[in-house]
Amino acid sequence: MDTLRRSLSRWKRYHIKVHLADEDLLIPLTVKPTDSVMDLRAHLVREGVTSWKKTFYYNSRQLGEQETVKEAKIQNGSVLLLISHK
């Protein structure tokens, strides 16, 4: 059963949103649990948003670049905050 659950998790998708604090925009993204913060940045580039000098936060905690969606405990419907370095 555990093997089946692990194999099905590769097909799982989360619908999250990224709040761009500087521009007051909410960008919807579809991500996998295995996507890292670097992958989220690539998704945003495809949407036309640059995020290279910005930091992701979730539940008041800064996310690391190699941290995955699953490791950060990001769930379906979550909102990430993207803030510029000042």
Side-chain angles (χ1 to χ4, degrees):
M1 186 61 125
D2 193 42
T3 306
L4 177 63
R5 190 174 301 134
R6 268 185 278 152
S7 65
L8 288 176
S9 70
R10 109 177 81 159
W11 301 107
K12 186 179 255 185
R13 299 284 188 268
Y14 294 144
H15 300 284
I16 65 169
K17 293 183 179 167
V18 177
H19 180 246
L20 305 176
D22 297 339
E23 302 164 27
D24 201 27
L25 288 173
L26 207 57
I27 308 288
L29 295 178
T30 302
V31 297
K32 297 181 288 190
T34 56
D35 284 350
S36 67
V37 170
M38 290 295 286
D39 296 327
L40 295 180
R41 291 187 190 282
H43 285 295
L44 287 174
V45 167
R46 282 186 226 123
E47 296 290 326
V49 176
T50 182
S51 65
W52 296 116
K53 293 188 177 183
K54 299 179 182 178
T55 306
F56 282 97
Y57 288 88
Y58 178 65
N59 282 345
S60 303
R61 188 176 67 79
Q62 184 175 342
L63 301 179
E65 290 299 310
Q66 301 303 320
E67 195 169 3
T68 65
V69 169
K70 185 176 182 178
E71 291 168 349
K73 298 183 176 135
I74 297 170
Q75 301 172 356
N76 195 33
S78 296
V79 177
L80 303 182
L81 183 59
L82 188 60
I83 299 177
S84 294
H85 297 283
K86 299 277 179 170

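Residue numbers start at 1 and run along the sequence shown.
Summarising the geometry, atom CG belonging to Leu80 is positioned 12.0 Å from atom NZ belonging to Lys17; distances are rounded to the nearest 0.5 Å. Once rounded to the nearest 0.5 Å, the distance linking CD of Glu47 with CG of Leu25 reads 11.5 Å. Of the inter-residue distances, the one linking His19 atom NE2 with Tyr57 atom OH reads 15.0 Å to the nearest 0.5 angstrom.
Residues His15 and Leu29 fail the side-chain proximity criterion, which asks for heavy atoms closer than 4.5 Å. Under the 4.5 Å side-chain criterion, counting only non-hydrogen atoms from C-beta, Asn76 is not in contact with Ile16. Annotation: side chain of Leu26 is not in contact with side chain of Val18 (no heavy-atom distance under 4.5 Å).
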Hey, mind stepping through Val69 and Thr34 against side-chain contact (heavy atoms from CB on, under 4.5 Å) and telling me if it holds? CA-CA 6 Å; Val69 169; Thr34 56; over 6 Å; no
Working for side-chain contact (heavy atoms from CB on, under 4.5 Å), residues Val45 and Thr50: CA-CA 6 Å; Val45 167; Thr50 182; 5.9 Å; no
Run the side-chain contact (heavy atoms from CB on, under 4.5 Å) test on Lys32 and Arg13 for me, step by step, so that the C-alpha distance in whole Å, both residues' side-chain angles and the decisive distance to 0.1 Å come before the verdict. CA-CA 5 Å; Lys32 297 181 288 190; Arg13 299 284 188 268; 3.0 Å; yes
Take Glu67 and Arg61 through the test salt bridge (charged side-chain N to carboxylate O under 4.0 Å, His left out) and record every step on the way to the result. CA-CA 12 Å; Glu67 195 169 3; Arg61 188 176 67 79; 2.8 Å; yes
Verdict with supporting geometry, Ile83 and Lys54, side-chain contact (heavy atoms from CB on, under 4.5 Å): CA-CA 5 Å; Ile83 299 177; Lys54 299 179 182 178; over 6 Å; no
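Checked against side chain to side chain contact (heavy atoms under 4.5 Å, CB included), Ser51 has the following partners two or more places apart in sequence or in another chain: Arg41, Leu44, Leu82.
Residues Thr30 and Tyr14 have side chains that never bring a donor and an acceptor to within less than 3.5 angstrom of each other.
Remark: of the listed residues Glu65, Glu71, Gln62, Gln66, Glu65 is the sole one forming a side chain to side chain contact (heavy atoms under 4.5 Å, CB included) with Val37. No option in Thr55, Thr68, Ile74 other than Ile74 meets the side chain to side chain contact (heavy atoms under 4.5 Å, CB included) test with Leu63.
Cluster annotation: Ile27 and Phe56 are assigned to the same hydrophobic cluster (Ile/Leu/Val/Met/Phe/Trp/Tyr, side-chain heavy-atom contacts under 4.5 Å, transitive). Clustering ILVMFWY residues whenever any of their side-chain heavy atoms sit less than 4.5 angstrom apart, transitively, puts Val49 in a cluster other than the one holding Leu81.
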